[in-house]
Amino acid sequence: MPARFSRPLLAAIDAAKIVGIRVGARSSHRFTGIWAVVVRGRVLARSWTASPGGWYRAVVLDPTATLQVGERQVRCRARRVRSERLRDELERAYAAKYATPGARRYVRGFRTPRRRAATIEFLPR
């Protein structure tokens, strides 16, 4: 059974609209804000741009990262999500969590094939 984040941490991630990510085990870079959701006790996020200098490309090259949830910093590792079912569940979770009129455009945009392919799961390390 793979390691899981604690229930209080999952609840904090679920409640947070923005979670910070910093890629690299010894990185001193700033945190970048991402939309993270909890699906079946798993922490997932999707990249909007997947740009060469962005967090997604960096985490694909170096899967060690730190998530910032409020004042708490949690070391984790990242892995790409290949399951279509899990990607579908992430989209439903995004629609439920980010339901404001301003967020709907992004929720719809996250459904494109290019962005679906940029889905990441975060696991404790």
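Below, all heavy atoms of this structure are taken into account, side chains as well, without hydrogens, waters or symmetry copies. Keep in mind that this is a model prediction, so the values were computed, not measured.
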Pairs where residues 48-62 contributes a residue and the test salt bridge (Lys or Arg N to Asp or Glu O under 4.0 Å) is met, not counting sequence neighbours: none
Within one Ile-Leu-Val-Met-Phe-Trp-Tyr cluster: Trp55 and Val69, side-chain cutoff 4.5 Å: yes
Inter-residue atom distance Leu90.CG - Ile120.CD1, 0.5 Å rounding: 11.0 Å
Rounded distance [0.5 Å steps], CD in Gln73 versus CG in Leu67: 10.0 Å
Greater than 12 external heavy atoms within 6.0 Å of Arg114's CZ: yes
Arg40 CZ: over 12 foreign heavy atoms closer than 6.0 Å: yes
Co-membership, hydrophobic cluster, residues Val19 and Trp48, 4.5 Å side-chain: no
Atom pair OG1/OH of Thr32 and Tyr56 - distance to nearest 0.5 Å: 15.5 Å
Linked, directly or transitively: Val37 and Leu10 (ILVMFWY side chains, under 4.5 Å): no
Point-to-point distance, once rounded to the nearest 0.5 Å, from CZ of Arg75 to OG1 of Thr66: 7.5 Å
By side chain to side chain donor-acceptor pair (under 3.5 Å) - contacts of Arg42 (at least two apart): Glu121
Parallel, tilted or perpendicular, as decided by the 30° and 60° cut-offs, for the rings of Trp35 and Tyr94: perpendicular
Side-chain touch Val38/Phe5, heavy atoms, less than 4.5 angstrom: no
Closest contact, heavy atoms only, Ala65 versus Val59: CB-CG2, 4.5 Å
Tyr106 reachable from Ile18 in the ILVMFWY side-chain graph, under 4.5 Å edges: yes
Nearest heavy-atom neighbours spanning Phe31 and Arg22: CE1-NH1, 3.4 Å
salt_bridge(Arg87, Glu91) N-O dist < 4.0 Å: no
Closest non-hydrogen atom pair, Ala95 against Ala99: O-CB, 3.6 Å
Donor-acceptor pair, side chain of Lys17 and main chain of Tyr98, under 3.5 angstrom: no
Donor-acceptor contact present, side-chain Arg116 to main-chain Arg111, <3.5 Å: no
Passing option when Phe122 is tested against Ile34, Ile13, Leu44 for side-chain contact (heavy atoms from CB on, under 4.5 Å): Ile34
Single-linkage hydrophobic cluster, 4.5 Å side-chain cutoff, Leu86 and Val107 together: yes
Arg7 CZ to Asp14 CG distance, which is reported to the nearest 0.5 Å: 14.0 Å
Closest approach of Ala36 to Val43 (non-hydrogen atoms, all atoms of both residues): CB-CG1, 4.4 Å
